[in-house]
Visitor: 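This is the structure, below, for whatever I ask next.
Both backbone and side-chain heavy atoms feed into the values below; hydrogens, waters and symmetry mates do not.
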Amino acid sequence: MQVNKNSLIFYYFYKTDCKKTNTNHMDIRLRTLLAAVILAMVLPLTASSAAKSYTLSSPDGKLRAEISAVNNVSYSVWFNGTQVLAPSVISMTLEGGTVLGEGKVKKVTKGRVATKDIPTVTYKKATVDNIYNWLTLNYKGYNIEFRAYDSGIAYRFVSTLIKGDFNVTCEKAEFNFPEDWKAWVPYERDQGTFEEQFMNSFENYYQHIKLSEWDQARLAFLPLVVDAPDGIKVIITESDLYNYPGMFLHGQGGTGMKGVYAGYPKETVVGGYHMLQGMVKSREDYIARATAGQKFPWRIVGVVPEARQLTDFDMVWQLATPAADTDWSWVKPGKVAWDWWNDWNIRGVDFEAGINDATYKYYIDFASKYGIEYVILDEGWAENNKTDLYLVVPEIHLEELVAYAAERNVGLILWAGYKAMDKDIDGICKHFAEMGIKGFKVDFMDRDDQIVVEFYERVARTAAKYHLLLDFHGAFKPAGLYRTYPNVLNFEGVAGLEQMKWGAEQYDQVTYDVIIPFIRMAAGPMDYTQGAMRNAIKGNARSINSEPMSQGTRCRQLAEYAIFDAPLTMLCDTPTAYLAEPECTEFIAGFPTVWDETVPLCGEIGEYVAMARRKGNVWYVGALTDWNDRDLDLDLGFIGAGKHMTIFKDGINANRNASDYVRTEGTVPADGIVKVHMAKGGGWAARIEI
């Protein structure tokens with residue numbers, strides 16, 4: 001895409017600082033001079049206005065937001081007496097120049113909500129408490145709502161207009177910190193202009209850098225975590241994202257960062273990968289088209305006293321719009337035998353493996369044998385470069401495969417490119433639901449401007465109408481949609497195991513694995529796609545498309561089924577590989593994919609993590625380490641002494657041969673402390689019956 005550099009300068013100035021742009025340089029200078037003169041005249045008048053400040057505390061009293069509404073609205077955050085967010089200005093600028101967040105507050109209202117045991121449909125716990133204190137600044141035509149949970153502060157803008165549409169030209173969302181702390185920054189992977197960075201797959205590895213070291217040429221996507229003093233962690237993300245662009249972050253060269261948003265697409269064309277992507281050719285000079293009464297996304301500043309609590313972070317779910325009060329019992333999460341990662345590479349059969357009926361019947365038979373609920377038909381079942389999901393390749397007979405799978409209690413899910421799905425969402429959903437297909441894996445959106453965000457909701461709503469499940473791949477992070485539409489089970493937005501097909505020598509997947517449970521997973525489920533049976537120690541992993549492998553040990557792959565959230569959980573390797581490893585396969589095939597209870601045990605970002613999860617009368621426990629051998633004492637006393645454990649642990653030679661493991665039996669000790677040893681890049685997993 002050819003982009004005028006001068007236009008980019010003004011676009012960036014406009015989107016990050018909420019200034020109106022103009023391609024005429026002299027006009028801008030005149031406007032700037034005029035603004036300065038007006039500001040000099042106005043400041044003496046406004047400086048004498050009475051200060052308006054408000055305090056909002058969390059229910060437990062440990063977290064406090066100080067909100068100022070004098071000439072603009074800003075807020076700061078304190079945790080146990082430590083300032084974790086310095087004053088940060090918020091505002092929203094509308095087309096025509098109106099700025100929400102300036103002007104006179106009409107009134108201020110406060111209250112408390114304490115709703116306990118809200119049932120979930122597909123989540124990491126059976127019920128969630130929603131307990132918070134709230135404060136609302138009421139202005140003419142809009143409100144600014146603040147909430148304080150024990151785990152963080154959130155705010156949003158809400159239009160109170162009765163009628164009339166309007167455009168949002170910019171939103172200012174500052175995140176200023178008291179000192180030059182370190183942050184875990186997931187830059188957008190493909191460097192280029194900001195416009196080019198707006199189109200990306202939202203999957204990259206993290207840089208642990210000081211705030212002042214932020215690369216000024218790069219944007220980062222959410223979530224992002226900042227290390228505050230004394231082990232405190234601050235996470236920035238968003239929730240209830242509907243009909244509005246997602247937020248990127250950009251460091252300001254000091255100790256702060258600001259929100260940046262893609263402009264509303266003006267001209268898009270079908271293109272990119274197999275003609276499945278929407279390529280933006282130009283954008284409007286506003287970021288969103290809004291309607292009267294619209295509620296804008298929640299901006300979240302989560303604050304926890306230690307890293308492990310990020311693995312059980314609920315604010316995105318709590319702040320999302322609840323699902324409609326209807327019957328969601330048809331939503332069936334589960335495990336998936338997946339074809340694409342292993343390149344349909346099976347052996348010992350009397351047919352040529354590939355995208356054909358015989359291969360998929362082999363996958364279905366494998367899934368049925370181990371009680372795996374689904375098989376995905378990934379890329380290739382529909383004709384490439386046609387952008388038409390009704391054009392099935394001649395080697396595939398879907399009706400026959402659906403019937404074959406149904407007889408074996410297996411459901412089929414189809415892969416679908418974004419623009420192919422967008423051509424006829426209702427017709428496609430109706431057609432394939434009537435055929436017996438159980439859902440879609442929708443891929444290659446690779447944007448989060450308003451048009452694509454709205455696409456997610458349209459697909460979710462239509463799929464729910466036809467009782468279809470959804471897995472969003474090539475997707476931005478979860479931002480609440482999975483609560484509003486529980487049929488949305490997975491989101492990618494993570495540099496998952498697929499990276500090992502082409503980047504095994506380049507990427508450090510092992511370290512990444514002990515970062516994402518604290519950051520990316522705090523936003524919601526992630527389509528990481530674990531389960532490799534070919535495992536490699538550090539330095540031995542190779543990129544082999546048809547026979548991919550994982551970094552780290554076999555037990556690491558098993559433990560990831562207890563650590564990673566994914567209501568639709570993949571078994572990424574080939575059935576042939578699993579059939580050769582029945583002990584490991586039976587173990588992972590028995591895992592639930594949604595839970596009644598989640599307990600974070602211990603962890604430090606980038607070093608190690610351990611978690612326990614319960615479904616019914618069974619607990620599953622998992623632990624992962626980085627490239628260091630590690631010993632942990634896991635306190636499982638809450639499960640109960642004497643309870644039977646089936647344990648998978650790294651073998652004595654796992655530092656030489658990553659596939660070496662030991663399966664053993666035991667019981668929870670009287671003191672509840674289970675001693676765990678992990679090899680380099682290792683893992684540990686246990687199943688405990690109660």
Visitor: Could you go step by step and tell me if Phe638 and Trp619 meet the side chain to side chain contact (heavy atoms under 4.5 Å, CB included) rule?
Guide: CA-CA 11 Å; Phe638 62 91; Trp619 282 91; 3.6 Å; yes

Visitor: For Tyr205 and Tyr507, what are the C-alpha separation, side-chain angles and deciding distance, and is it a ring-ring contact (aromatic ring centres under 6.0 Å, His included)?
Guide: CA-CA 8 Å; Tyr205 298 84; Tyr507 302 132; 4.8 Å; yes

Visitor: Below 4.0 angstrom, N of the basic side chain to O of the carboxylate: do Asp513 and Arg556 qualify?
Guide: yes

Visitor: Using 0.5 Å steps for rounding, measure from the NZ atom of Lys441 to the CD1 atom of Ile413.
Guide: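 Going from NZ on Lys441 over to CD1 on Ile413, the span is 10.0 Å.
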
Visitor: Less than 4.0 Å between a side-chain N and a carboxylate O, is that true for Arg613 and Asp565?
Guide: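 A salt bridge is present here (some side-chain N lies under 4.0 Å from a carboxylate O).
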
Visitor: Less than 4.0 Å between a side-chain N and a carboxylate O, is that true for Lys501 and Asp343?
Guide: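 A salt bridge is absent here (no side-chain N lies under 4.0 Å from a carboxylate O).
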
Visitor: For Lys438, does the NZ atom have more than 12 heavy-atom neighbours from other residues, nucleotides or ligands under 6.0 Å away?
Guide: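 No, NZ of Lys438 has 12 or fewer neighbouring heavy atoms, counting only those of other groups under 6.0 Å.
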
Visitor: Show every donor-acceptor pair shorter than 3.5 Å between a side-chain atom in residues 427-437 and any protein atom, with sequence neighbours excluded, or say none if there are none.
Guide:
from	atom 1	to	atom 2	distance (Å)
Lys430	NZ	Glu434	OE2	2.8

Visitor: Output all residues satisfying salt bridge (Lys or Arg N to Asp or Glu O under 4.0 Å) with Glu373, sequence neighbours left out; order by chain, then residue number.
Guide: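 Scan of Glu373 (salt bridge (Lys or Arg N to Asp or Glu O under 4.0 Å), adjacent residues dropped) gives Lys335.
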
Visitor: Verify the neighbour count for atom NZ of Lys295: are there more than 12 heavy atoms of other residues, nucleotides or ligands below 6.0 Å?
Guide: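 Counting other residues, nucleotides and ligands, NZ of Lys295 stays at 12 neighbours or fewer.
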
Visitor: If we count only N and O atoms by modelled type, under 3.5 Å, do the side chains of Trp298 and Asp240 hold a donor and an acceptor together?
Guide: no

Visitor: How are the rings of Phe455 and Tyr418 set relative to one another: parallel (under 30°), tilted (30 to 60°) or perpendicular (over 60°)?
Guide: perpendicular

